Amino acid sequence: MSFPAVADLLPDAFEPVRAAWRETASRHVAPAAAAIDRDERIGPEVVAALRAAGAFASGFPAAYGGLADPGDGPAAQMLRHGLMHEALGTASASVQGLVNVHHMGGSAIARWGTADQKREWLPLLTAGTRLAAIAITEPEVGSNAAAVKTWAAPDGDGYVVDGHKKWITCGQSADLFVLIAGSDAGPVAFILPRETPGLEIRPITGMLGCRGYMMAELVLDRCRLGTELMLGRPGFGVSHVASIGLDAGRYNLAWGCVGLAGACLAASLDYARHRQQFGKPIGEHQLVQRLIAHMATDIEASRLLCWHAGIRRGMGHEHAARDTVTAKYHASTMVNRAASDALQIHGAQGCGPELALERYFRDARITEVIEGTTQILEGVIARHYYQAVPR
């Protein structure tokens with residue numbers, strides 16, 4: 001295993017990348033964030049801006065149009081990808097989610113697709129002309145992906161798939177889904193194009209937070225999928241295909257949580273400087289300083305966990321999956337503390353629609369549910385360490 005130079009992976013070396021993505025997010029995403037939350041949709045102008053900036057190409061192989069600096073190694077590319085998600089998370093958790101699920105679905109194809117599947121789909125995904133999502137969750141099946149009831153029955157040279165998926169992020173807007181179904185041979189994964197006959201997409205609205213996720217239910221009524229649309233082989237749908245998508249999603253979301261928490265901190269600092277109580281700015285009161293200090297320290301700790309996970313993911317380290325889960329766990333719990341403390345600093349001012357803080361609070365809550373609940377991840381982390389420590 002070759003190791004990159006330490007200086008090349010220090011945060012200061014990536015400041016131009018961070019600044020560029022922050023500029024993109026602040027110019028094209030942040031101004032639309034309130035409308036995205038209100039209208040529960042991400043408009044085409046935001047999608048077009050993300051496409052032009054290369055957001056949908058980030059994290060994919062350069063051979064298929066992926067966004068990569070020729071001078072970067074895999075670890076640096078992974079860090080660049082994370083910094084993009086941090087910037088998007090600062091501007092809009094919903095937009096970060098759109099790019100996240102696109103990468104989740106695309107990552108599964110990039111890892112487990114055949115040569116023909118990669119040639120057909122990946123250039124469309126990296127160009128952002130087709131958007132991807134991942135369809136695992138069902139009305140009665142959440143964290144236990146292997147228990148899905150959607151069923152793929154052999155039919156000639158393909159399969160007939162029936163079932164019901166729910167809470168599918170960007171289900172309303174995605175052009176293709178990486179679908180997980182059961183079969184007699186075990187869990188199986190397919191590429192499911194939106195135009196497949198028998199597929200009905202039902203919008204879900206009124207969610208607590210991340211309302212721009214454009215969630216949907218997918219109802220599959222005798223959808224015929226040829227073997228050319230199968231990812232991997234039967235029995236590998238969860239252990240291999242879904243796990244790749246979920247691992248990518250957890251990494252991306254961890255960075256998005258750091259960005260959202262940073263927005264909470266920035267709002268709190270601005271408010272604490274100007275809000276007067278007892279004859280001085282509230283930022284001069286020690287209890288407010290305590291909240292700020294905890295928030296800032298938590299954010300830095302999560303960012304370092306994300307950085308560590310990014311380097312190990314890029315290097316293909318044996319503990320990369322564990323570090324990714326740890327980063328997502330810490331960052332999602334951290335952003336909920338940050339949003340709660342920020343709301344406490346703002347008081348009643350933060351509870352109304354005039355400020356973005358109530359949206360931050362609602363969006364933060366979703367992060368402990370998606371890509372593995374907090375409780376599920378605690379078990380995953382513990383098992384990683386049980387396996388790593390000699391008996």
Side-chain angles (χ1 to χ4, degrees), residues 11-12 14-37 46 82-97 99 209-210 212 252-277 280-307 327 330-367:
D12 286 351
F14 291 83
E15 194 54 41
V17 179
R18 186 195 305 272
W21 281 116
R22 284 182 173 176
E23 169 66 16
T24 295
S26 62
R27 176 178 294 185
H28 299 291
V29 178
I36 289 170
D37 181 71
V46 174
L83 290 170
M84 176 193 70
H85 280 282
E86 179 182 0
L88 294 178
T90 302
S92 168
S94 291
V95 171
Q96 189 274 326
V99 180
C210 295
N252 300 340
L253 181 60
W255 278 105
C257 289
V258 172
L260 177 55
C264 293
L265 176 60
S268 298
L269 289 169
D270 183 66
Y271 188 76
R273 289 188 187 104
H274 298 99
R275 172 65 168 166
Q276 297 278 330
Q277 285 287 284
K280 59 183 178 181
I282 63 170
E284 296 183 17
H285 294 286
Q286 287 185 336
L287 290 180
V288 173
Q289 292 173 353
R290 178 176 180 269
L291 294 175
I292 294 289
H294 284 184
M295 202 183 307
T297 304
D298 270 354
I299 291 170
E300 290 301 322
S302 280
R303 183 179 286 114
L304 287 172
L305 284 171
C306 289
W307 204 270
H330 189 276
S332 60
T333 54
M334 175 277 296
V335 73
N336 276 274
R337 292 192 299 271
S340 180
D341 287 349
L343 192 64
Q344 201 68 21
I345 290 170
H346 283 74
Q349 293 277 9
C351 298
E354 297 85 4
L355 299 180
L357 201 65
E358 59 88 24
R359 168 164 51 87
Y360 298 162
F361 186 85
R362 290 185 287 104
D363 289 348
R365 190 65 192 86
I366 305 302
T367 66

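The model shown is predicted, which means the values in this text are computed figures rather than measured ones.
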> Who pairs with R359 by salt bridge (charged side-chain N to carboxylate O under 4.0 Å, His left out), at least two apart in sequence or on another chain?
Replying inline: none
>> If I take atom CD from residue Q277 and atom CD from residue E284, how far apart are they, to the nearest 0.5 angstrom?
In response: 13.0 Å
> Do I345 and I292 come close enough that some side-chain heavy atom pair is under 4.5 Å?
Replying inline: yes
> Side chains of P281 and H274: closer than 4.5 Å at any heavy-atom pair?
Replying inline: no
> Does any N or O in the side chain of T333 come within less than 3.5 Å of the main-chain N or O of H330, such that one atom is a donor and the other an acceptor?
Replying inline: yes
> So, T367 side chain and A364 main chain: donor-acceptor pair closer than 3.5 Å or not?
Replying inline: yes
> Rounded to the nearest 0.5 Å, what separation is found between the OG atom of S332 and the CG atom of L260?
Replying inline: 11.5 Å
> Does K280 reach the side chain of H285, with side-chain heavy atoms less than 4.5 Å apart?
Replying inline: yes
>> Once rounded to the nearest 0.5 Å, what's the spacing between atom CG of L355 and atom OH of Y360?
In response: 9.5 Å
> So, the side chain of D363 versus the backbone of C210: is there a donor-acceptor pair under 3.5 Å, distance only?
Replying inline: yes
> Atom CD of Q344 and atom CG of L287: how far apart are they, to the nearest 0.5 Å?
Replying inline: 10.5 Å
> How would you list all residue pairs meeting salt bridge (Lys or Arg N to Asp or Glu O under 4.0 Å) that involve residues 293-305, not counting sequence neighbours?
Replying inline: E86-R303, D298-R337, E300-R303
>> Could you report the tightest heavy-atom contact between A261 and V335, atom names first, then the distance?
In response: N-CG2, 3.6 Å
> D37 versus S94: any side-chain heavy-atom pair under 4.5 Å?
Replying inline: no
> What are the two closest non-hydrogen atoms of S268 and A342, and how far apart are they?
Replying inline: OG-CB, 3.2 Å
> Which pair of non-hydrogen atoms, one from A91 and one from V29, has the smallest distance, and what is that distance?
Replying inline: CB-CG1, 3.7 Å
>> Can you tell me how the ring of H346 sits relative to the ring of Y271, calling it parallel under 30°, perpendicular over 60° and tilted otherwise?
In response: parallel
>> For the CE atom of M84 and the CG atom of N252, what is their distance to the nearest 0.5 Å?
In response: 6.5 Å
> Residues two or more places apart in sequence or in another chain: which of them pass salt bridge (charged side-chain N to carboxylate O under 4.0 Å, His left out) with D341?
Replying inline: none
>> Minimum heavy-atom separation for V258 and S302, please, with both atom names.
In response: CG2-CB, 3.8 Å
> What are the two closest non-hydrogen atoms of E358 and C351, and how far apart are they?
Replying inline: CB-O, 4.1 Å
>> More than 12 heavy atoms of other residues, nucleotides or ligands under 6.0 Å from CD of Q276: yes or no?
In response: yes
>> Can you tell me how far apart NE2 (H85) and SG (C257) are? Round to the nearest 0.5 Å.
In response: 12.0 Å
> Can you find a pair of side-chain heavy atoms, one from L88 and one from W255, that are under 4.5 Å apart?
Replying inline: no
> Can you find a pair of side-chain heavy atoms, one from R365 and one from N336, that are under 4.5 Å apart?
Replying inline: yes
>> Would you say that L253 contacts Q96 through its side chain, given a criterion of any heavy-atom pair below 4.5 Å between the two side chains?
In response: yes
